Amino acid sequence: SLYSGSSGNCSVIEKNGKFILIDIGKSARITTNAIKDIGLDIKNLQGVLISHEHSDHVSGLKVFLKKLDVPVYSNCATLDYLADYDLVPAHIRLEDMNLAGHNIGDFFVTGFDTPHDSVGCMGFNIHTQNGTRMTMATDLGCVTDNILNHFMGADLAVIESNYDEIMLRENENYPYYLKTRISSNRGHLSNNQCSDAAVQLIQSGVKKLHLCHLSNNNNTPSTALSQLAVTAMTKGIDITKDMEVVRANRRHEITMATQF
C-alpha cells in the first residue's frame with residue numbers, strides 16, 4: 001500500500017520488478033516518489049486498475065499517465081466517466097474489466113461489483129502465475145454474499161475498515177447528510193462490519209489480512225484493529241497468532257508490504 005485513506009488511495013502489486021497499480025488518488029509526484037522509494041522502475045508498470053471515479057482514487061491519474069503508455073482497467077461506467085470528464089489522457093487505452101478477466105503482465109485479474117455511491121465500483125482478484133491470489137475491495141457500504149465469496153480462500157485479503165460508528169456519530173464537524181451517506185449500504189464499511197466479514201474470512205482459511213481506507217476523522221488504526229481483535233475473540237480466534245493483520249497507512253513514507 002503506497003497510501004490509503006479518505007485523502008487518497010494507491011496500491012502496487014509487484015512480481016520480479018514488474019507491477020500494476022490499483023488507483024492513483026494523490027498527485028503524480030507523490031505516487032511517482034512512492035514507487036521510486038520501494039525500488040521500482042516506472043518503465044515496468046504494466047497497467048492501472050481503477051476501482052471507481054471518486055477523487056481519492058483518481059485525482060492523480062491524468063498527470064501520472066501523461067508520458068506513459070499503459071492501459072487503464074475498470075468497468076464500462078467508470079471508464080466512460082473518466083473519458084467524459086477528461087480524467088485520463090486521450091492516448092491511454094481503456095479496457096473493460098469484464099467478468100472474463102484480463103492478463104495484465106505477469107498477473108491475471110478479474111473484477112467484481114461492490115456497493116458504493118459511484119457510477120460503478122469494483123473490487124479485484126489478482127492471481128499470480130504460481131496460483132496465489134489477492135482480493136481487494138476498498139469502498140463498499142456492505143458485504144454481500146457475492147463479495148464474501150470472492151474473498152473466501154484468498155492468500156491475502158485487503159478490505160475496507162473505514163469508520164468507527166461512535167466516532168462518526170459524535171463527530172460534530174460532519175453534517176447529518178454526510179453521516180447518513182457514509183453509513184448507508186452504498187457508503188463505507190464500518191469497523192464492526194469489516195470485523196464481522198474478516199472473521200468469516202479467517203475461518204475460511206485466510207491468513208493475511210489488510211485493513212484499508214481508514215477515515216482520517218472517524219477512525220484510528222488502533223481502533224480498527226482493536227475492534228477486529230474483540231470480534232475475533234468472540235469466535236475463539238486470536239489474531240496475534242498464526243496470521244498477519246496490518247493496517248494500511250495514509251502516508252507513502254510508511255509502506256506496507258506483504259508477500260502473497
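If you read the sequence from its start, that first residue is 1, and numbering goes on from there. Note that these values count all heavy atoms, side chains included, but never hydrogens, waters or copies made by symmetry. What you see is a predicted model, and the numbers here were worked out from it, not measured in a lab.
Considering only residues two or more places apart in sequence or on other chains, Glu165 meets the salt bridge (Lys or Arg N to Asp or Glu O under 4.0 Å) condition with none of them.
Counted by atom type alone, Gln227 and Asp164 present zero donor-acceptor pairs between their side chains at under 3.5 Å. Defined by atom type and a distance below 3.5 Å, a donor-acceptor pair is present between the side-chain atoms of His188 and Glu160. No side-chain donor from either of Asn146 and Thr144 sits under 3.5 Å from a side-chain acceptor of the other. Looking only at atom types and distance, the side chain of Asn219 has a donor-acceptor partner in the side chain of Asn191 under 3.5 Å away. Side-chain atoms of Asn125 and Thr135 include a donor-acceptor pair closer than 3.5 Å. When only modelled atom types and interatomic distance are considered, His213 and Asp56 share a side-chain donor-acceptor pair under 3.5 Å. Thr31 and Arg29 form no side-chain donor-acceptor contact under 3.5 Å, judged by distance and modelled atom types alone. For the residue pair Thr128 and Asn130, a side-chain donor N or O sits within less than 3.5 Å of a side-chain acceptor on the partner.
Put simply, the side chain of Asn185 does not reach to within 4.5 Å of the side chain of Pro115, judged on heavy atoms. In this structure, the side chains of Phe124 and Ile22 come closer than 4.5 Å at one or more pairs of heavy atoms.
Contact record, Ser51 with Thr138: OG-OG1, 4.0 Å, taken as the closest heavy-atom pair. Smallest separation of non-hydrogen atoms from Asp23 and Ile50: OD1-CA, 3.3 Å. The two residues Asn44 and Gly17 have their closest heavy-atom pair at CB-O, 3.4 Å.
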request  = Take Asp96 and His102 through the test side chain to side chain donor-acceptor pair (under 3.5 Å) and record every step on the way to the result.
outcome  = CA-CA 9 Å; Asp96 176 21; His102 286 269; over 6 Å; no
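In this pair, His52 and His54 present their aromatic rings perpendicular. The plane angle is above 60°, beyond the 30 to 60° band.
Within the structure, every pair that satisfies the side chain to side chain donor-acceptor pair (under 3.5 Å) test and touches residues 58-72, not counting sequence neighbours, is listed here: Lys62-Asp86. Residue pairs meeting the ring pair (Phe, Tyr, Trp, His ring centres under 6.0 Å) criterion with at least one member in residues 149-181, sequence neighbours excluded: Phe112-His150.
For the side-chain contact (heavy atoms from CB on, under 4.5 Å) with Ser11, the lone residue among Met134, His210, Met136 that qualifies is Met136. Considering Cys194, Cys212, Ser195 in turn, Cys194 is the only one that fulfils the side-chain contact (heavy atoms from CB on, under 4.5 Å) rule with Ser161.
A centroid separation of 6.0 Å or more is found between the aromatic rings of Phe107 and His127.
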